*Asks:* 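Questions regarding the structure given below will be posed in turn.
Every value quoted in this text rests on a predicted model; they were computed, and no experiment measured them. Start at 1 and go down the list; that is how both ligands and their atoms are numbered. For the single chain, residues carry numbers from 1 onward in sequence order.
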Amino acid sequence: MTNTKRIVLSSDHAAIDLRQAVAKHIAAQGWDVVDIGPTTPESTHYPLHGKAAAERVASGDCTLGIILCGTGQGIMMAANKVKGIRCGVCSDMFSARMIRQHNDANMLSLGARVVGEGLAMDIVDAFLNAEFEGGRHATRVDMIEA
Ligand code: RB5
């Protein structure tokens, strides 16, 4: 049976600490966390890490993904290049809830230089606890995919 609570995490060097804090936070909620790094602080390239995480979601290996870089923007752009990925950067809880409810986002991106750890955890919770509403929103998501 597919584990519907399997989630991939990835970041660049700018967000290692926040990524590891997110991993701990969501593992405590019963998520099977696949943290694909990196673990060392050398400067790296966010497109590599966004793509790697996105491919885990697109392939069905993970149901959701959370990716992080300094702003959350670059790694989000890279992830959205992978077919089937709908990833949004969120710095507030309302947006994090809405990208699940209306856009059926399967990945969340966070900016470690934008949000503090406490807010980041609330954003993560808002994202993970929301569900896609379907209906007219499904028509629009289908249009994105097309
Ligand atoms: C790295 O310095 C920084 O450019 C990266 O983490 C991210 O903010 C890019 O969008």
Side-chain angles (χ1 to χ4, degrees), residues 3-133 137-138 140-146:
N3 182 353
T4 57
K5 288 196 77 171
R6 185 168 159 88
I7 187 165
V8 61
L9 298 192
S10 178
S11 74
D12 73 357
H13 56 280
I16 291 174
D17 289 349
L18 185 58
R19 191 194 77 235
Q20 291 175 338
V22 169
K24 199 170 164 188
H25 179 74
I26 61 179
Q29 297 174 19
W31 284 87
D32 176 11
V33 178
V34 181
D35 186 345
I36 60 171
T39 54
T40 55
E42 296 84 37
S43 183
T44 181
H45 304 299
Y46 58 79
L48 300 174
H49 305 288
K51 180 172 187 275
E55 287 175 343
R56 294 288 189 119
V57 176
S59 70
D61 176 41
C62 294
T63 47
L64 294 174
I66 299 177
I67 52 178
L68 313 87
C69 65
T71 59
Q73 301 291 350
I75 200 163
M76 174 274 290
M77 293 177 195
N80 276 320
K81 291 287 183 183
V82 175
K83 184 149 181 62
I85 295 304
R86 292 175 299 283
C87 181
V89 181
C90 294
S91 300
D92 65 276
M93 291 158 63
F94 177 76
S95 299
R97 179 163 58 83
M98 294 307 288
I99 64 168
R100 292 282 293 134
Q101 289 182 344
H102 285 194
N103 312 119
D104 199 18
N106 46 18
M107 296 188 75
L108 167 69
S109 184
L110 295 168
R113 295 172 179 162
V114 181
V115 294
E117 187 174 313
L119 177 57
M121 299 312 159
D122 284 353
I123 292 168
V124 165
D125 289 346
F127 178 75
L128 295 180
N129 293 327
E131 284 184 16
F132 183 47
E133 291 177 357
H137 303 297
R140 295 163 187 165
V141 171
D142 288 347
M143 290 170 74
I144 294 173
E145 292 310 304

*Asks:* Go ahead and list the nitrogen or oxygen contacts between ligand 1 and the protein that come in under 3.5 Å, distances to 0.1 Å, or just say none.
*Replies:*
{"residue": "ligand 1", "atom": "2 (O)", "partner": "R113", "partner atom": "NH1", "Å": "3.3"}
{"residue": "ligand 1", "atom": "6 (O)", "partner": "D12", "partner atom": "OD2", "Å": "2.6"}
{"residue": "ligand 1", "atom": "6 (O)", "partner": "G70", "partner atom": "N", "Å": "2.7"}
{"residue": "ligand 1", "atom": "8 (O)", "partner": "G70", "partner atom": "N", "Å": "3.3"}
{"residue": "ligand 1", "atom": "8 (O)", "partner": "T71", "partner atom": "N", "Å": "2.9"}
{"residue": "ligand 1", "atom": "8 (O)", "partner": "T71", "partner atom": "OG1", "Å": "3.3"}
{"residue": "ligand 1", "atom": "10 (O)", "partner": "T71", "partner atom": "OG1", "Å": "3.2"}
{"residue": "ligand 1", "atom": "10 (O)", "partner": "G74", "partner atom": "N", "Å": "3.0"}

*Asks:* Tell me whether the count of non-hydrogen atoms from other residues, nucleotides or ligands lying under 6.0 Å of CD in Q29 goes above 12.
*Replies:*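 Enclosed: over 12 neighbouring heavy atoms sit under 6.0 Å from CD of Q29.
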
*Asks:* Between R100 and A105 (side chain of the first, backbone of the second, donor and acceptor by atom type, cut-off under 3.5 Å), is there such a pair?
*Replies:*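 Such a contact is found between R100 side chain and A105 backbone.
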
*Asks:* Take V57 and L64, measure what side chain to side chain contact (heavy atoms under 4.5 Å, CB included) needs, and give me the verdict at the end.
*Replies:* CA-CA 6 Å; V57 176; L64 294 174; 5.8 Å; no

*Asks:* Counting distance only, does the side-chain N/O of K81 pair as donor-acceptor with the main-chain N or O of G50 below 3.5 Å?
*Replies:* no

*Asks:* Got a list of side-chain donor-acceptor pairs under 3.5 Å for residues 7-18, not counting sequence neighbours?
*Replies:*
{"residue": "S10", "atom": "OG", "partner": "H49", "partner atom": "O", "Å": "3.1"}
{"residue": "S11", "atom": "OG", "partner": "R19", "partner atom": "NH1", "Å": "2.8"}
{"residue": "D12", "atom": "OD1", "partner": "A14", "partner atom": "N", "Å": "2.9"}
{"residue": "H13", "atom": "ND1", "partner": "T44", "partner atom": "N", "Å": "3.0"}

*Asks:* Quick check: do H137 and D104 have side-chain heavy atoms less than 4.5 Å from each other?
*Replies:* no

